[in-house]
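First the structure, in the form of structure tokens, and then the observations on it.
Lettering follows sequence order; numbering is per chain, from 1.
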Number of protein chains: 2
Amino acid sequence: MPEQPSSRRIPLTRKAILDAAVARADSHGIDAVSMRSVAQALGVVPMALYNHISSKQALLSGMVDVIVTEIPPLDPDQPWQPAIRQRVLAAREVMMRHPWAVEVIKSRTEATPAVLQYINELIGAFLGGGFTPELAHQVMHALGSRMWGFALDVFPTPATPDDPSQRAALFEVMRTAYPHIATIAVAGAHPKVAMLGLGCDNQTEFEFGLDILLDGFEARLQAAAVESPQQAPEK
Amino acid sequence: MPEQPSSRRIPLTRKAILDAAVARADSHGIDAVSMRSVAQALGVVPMALYNHISSKQALLSGMVDVIVTEIPPLDPDQPWQPAIRQRVLAAREVMMRHPWAVEVIKSRTEATPAVLQYINELIGAFLGGGFTPELAHQVMHALGSRMWGFALDVFPTPATPDDPSQRAALFEVMRTAYPHIATIAVAGAHPKVAMLGLGCDNQTEFEFGLDILLDGFEARLQAAAVESPQQAPEK
DNA sequence: ACCTGAACACCGTTCAAGT
DNA sequence: ACCTGAACACCGTTCAAGT
């Protein structure tokens, strides 16, 4: 019995489909999420999904919506910088729970409601912190993917062989062909990482980049306040 | 006659395949690049490609290699900051010439030789500018996709209807549901962009984010020099 | 209104055969 | 060593039919 129709008592619903897709991605990886496989997991024929979700792309966007909803809200009692920092790091935790999410978010081209709401709230924090709309626009773009808690890590790791002697040979090749890469590879901030542990987008490095951006935003905010103090900062 | 075998006098070669794939992506978009379509463009059967390129993924990586080679070299006569800034902006121009490149680079997981060489040279510029290996490691990660001249623009544009009255209706919906987004949308630095012209990753915004990062790198470099002046900055 | 079944037009890739 | 032909095991999606 390859499927159990007894579980199909409850009618198919958009939410049930998205939850099944997220569950499947969590357990089997995003490549295991196809219209056919999700339908099978629900005990239903592939075309049944199309009554609730218009396309594979819509399914992926809906999956993002589901997990973006997991991001905890902004703390309204904090100044903009710690509030945003905290929320971005919270978003990062959600992304770490769903390792497929980064790849899917990178491929999205249209925003869904939960995504728009998250963005809207971040902008609200900037505006509430004294940013002009123009500056808020700029900093949101500068923040980019870091608003979701990840940095595009285009620093690809060559597959590191398990065999130590092969690994040493590879490192020797790297050191002669790309000496600077070899230099910083061994000088990573995290000594536990193997010598070719590039491609590491770990917590320290994420926060390093995030804080440079947030500090830069603060500096631009101050500069703007100085050159056009139409509204005094004290109230 | 659906194909011309006369063009198949020259033997198939890895470079010929990559060039054909790049040409096809430039003219028809990345979705038109399949093992089958590239083979057809070369007047050859799909499986013939596998003698020179091991997989579709290898084809995509090879395509990136081809265009990364188009990025002009670093100017060795300049200090690290203008040199890197200039080269990143040059990389950006290459990416603009090949609109498919951003999407493909985002999906790569392994570095190819030209990519490693480019990265190696950037690191060399940081090290030559006085960065410690540790700090160079950090700033390379913080730079992230911006080293390729693009920022991951996770700020997706809702499809804007052509019809003005529909567009006005959409904007009204946005303004009530996501007021802050609407606020900064109309306050973009580029007045020519339509009111819902979010998702714009234009030159000004790219440079805004890039300069925040580069300035932050400089500040960290100075801070490190102050706290451990084992090598005096003056010579 | 929702689900089904069959089919269409594709994919990347393996395998065995040709030269 | 390189190219071919046929096949395999998938895709997303359309269409017409069922209830």
Side-chain angles (χ1 to χ4, degrees), chain A residues 1-22 24-25 27-64 100 103-104 107-110 112, chain B residues 1-22 24-25 27-64 100 103-104 107-110 112:
Chain A
M1 51 191 84
E3 59 202 66
Q4 56 277 55
S6 62
S7 70
R8 219 48 338 278
R9 297 299 301 271
I10 47 170
L12 206 52
T13 197
R14 181 183 155 82
K15 177 160 178 13
I17 295 171
L18 293 179
D19 287 346
V22 167
R24 196 163 164 73
S27 59
H28 291 80
I30 193 67
D31 287 346
V33 175
S34 67
M35 299 301 276
R36 289 167 135 94
S37 70
V38 172
Q40 198 189 31
L42 289 162
V44 109
V45 97
M47 281 312 298
L49 306 185
Y50 284 82
N51 290 311
H52 304 92
I53 280 171
S54 60
S55 67
K56 171 76 180 286
Q57 294 302 314
L59 178 73
L60 293 173
S61 295
M63 290 170 71
V64 172
W100 49 270
E103 184 183 329
V104 175
S107 73
R108 292 308 82 202
T109 56
E110 287 210 19
T112 42
Chain B
M1 53 191 84
E3 59 201 67
Q4 56 277 53
S6 61
S7 70
R8 216 63 314 284
R9 298 298 301 274
I10 47 170
L12 206 53
T13 198
R14 181 184 155 81
K15 178 164 178 9
I17 294 170
L18 293 179
D19 287 345
V22 167
R24 197 163 163 75
S27 60
H28 292 79
I30 193 65
D31 286 346
V33 175
S34 67
M35 298 302 275
R36 288 168 137 94
S37 69
V38 171
Q40 198 189 31
L42 289 162
V44 107
V45 94
M47 279 312 298
L49 305 185
Y50 284 83
N51 290 309
H52 304 93
I53 280 170
S54 60
S55 67
K56 171 78 179 289
Q57 293 302 313
L59 178 74
L60 293 173
S61 295
M63 292 171 70
V64 171
W100 49 271
E103 185 183 329
V104 176
S107 73
R108 291 311 80 204
T109 57
E110 286 210 19
T112 43

- Item | Euclidean distance, B/Leu60 CG relative to B/Thr112 OG1, rounded to 0.5 Å | 11.0 Å
- Message: Are A/Trp100 and A/Asp31 packed together at the side-chain level, in the sense that at least one heavy-atom pair is separated by less than 4.5 angstrom?
- Response: no
- Query: Whole Å only: how far is the CD1 atom of A/Ile53 from the C1' atom of D/dG12?
  - Reply: 14 Å
- Item | Span that lies between the C1' atom of C/dC11 and that of D/dA7, in whole angstrom | 14 Å
- Task: Quick one: the dot-bracket string of DNA chain C, using Watson-Crick and G-U wobble pairs with both distances under 3.5 Å, [ ] for crossing pairs and | for bases paired to another strand.
- Result: ||.|||||...|||||.||
- Task: Report the residues that fulfil side-chain contact (heavy atoms from CB on, under 4.5 Å) with A/Ser54, sequence neighbours left out, ordered by chain and then residue number.
- Result: A/Ala58
- With sequence neighbours excluded, what pairs up with A/Lys15 under the salt bridge (charged side-chain N to carboxylate O under 4.0 Å, His left out) test? A/Asp19
- Its contact letters, B for base, S for sugar-phosphate only and - for none at protein heavy atoms under 4.0 Å, make nucleotides 14-19 of chain C read BB----
- Measure from CG on B/Leu42 to C1' on D/dC2 and round the result to the nearest Å. 15 Å
- Item | Least distance between heavy atoms, B/Val33 atom then B/Ala21 atom | CG2-O, 3.8 Å
- Query: Just how far, in rounded Å, is P of D/dG12 from CD of A/Gln40?
  - Reply: 13 Å
- Note on the structure: Taking every heavy atom of A/Met63 against every heavy atom of A/Ala25, the minimum-distance pair comes out as CE-CB, 3.7 Å
- For A/Ser37, which residues count as a side chain to side chain donor-acceptor pair (under 3.5 Å) partner, sequence neighbours excluded? A/Arg24, A/Ser34
- Item | Those residues that, when tested against A/Gln57, pass side chain to side chain donor-acceptor pair (under 3.5 Å) (two or more places apart) | A/Arg108
Sequence neighbours excluded and cut-off under 3.5 Å, please list the side-chain donor-acceptor pairs for residues 41-53 of chain A, or say none.
unit_1  : atom_1 : unit_2  : atom_2 : d
A/Asn51 : ND2    : A/Ala48 : O      : 3.4
A/His52 : NE2    : A/Leu12 : O      : 3.1

- Message: Does C/dC3 have OP1 or OP2 under 4.0 Å away from a side-chain N or O of A/His52?
- Response: yes
- B/Ser107 side, atom OG; A/Glu103 side, atom CD - distance, nearest 0.5 Å: 8.5 Å
Check: protein-nucleotides 8-11 of chain C nitrogen or oxygen pairs below 3.5 Å:
unit_1 : atom_1 : unit_2  : atom_2 : d
C/dC11 : OP1    : B/Ser34 : OG     : 3.4

- Note on the structure: A/Asn51 atom CG is separated from D/dT13 atom P, nearest whole Å, by 14 Å
- Please identify each residue that fulfils side chain to side chain donor-acceptor pair (under 3.5 Å) with A/Thr13, with sequence neighbours left out. none
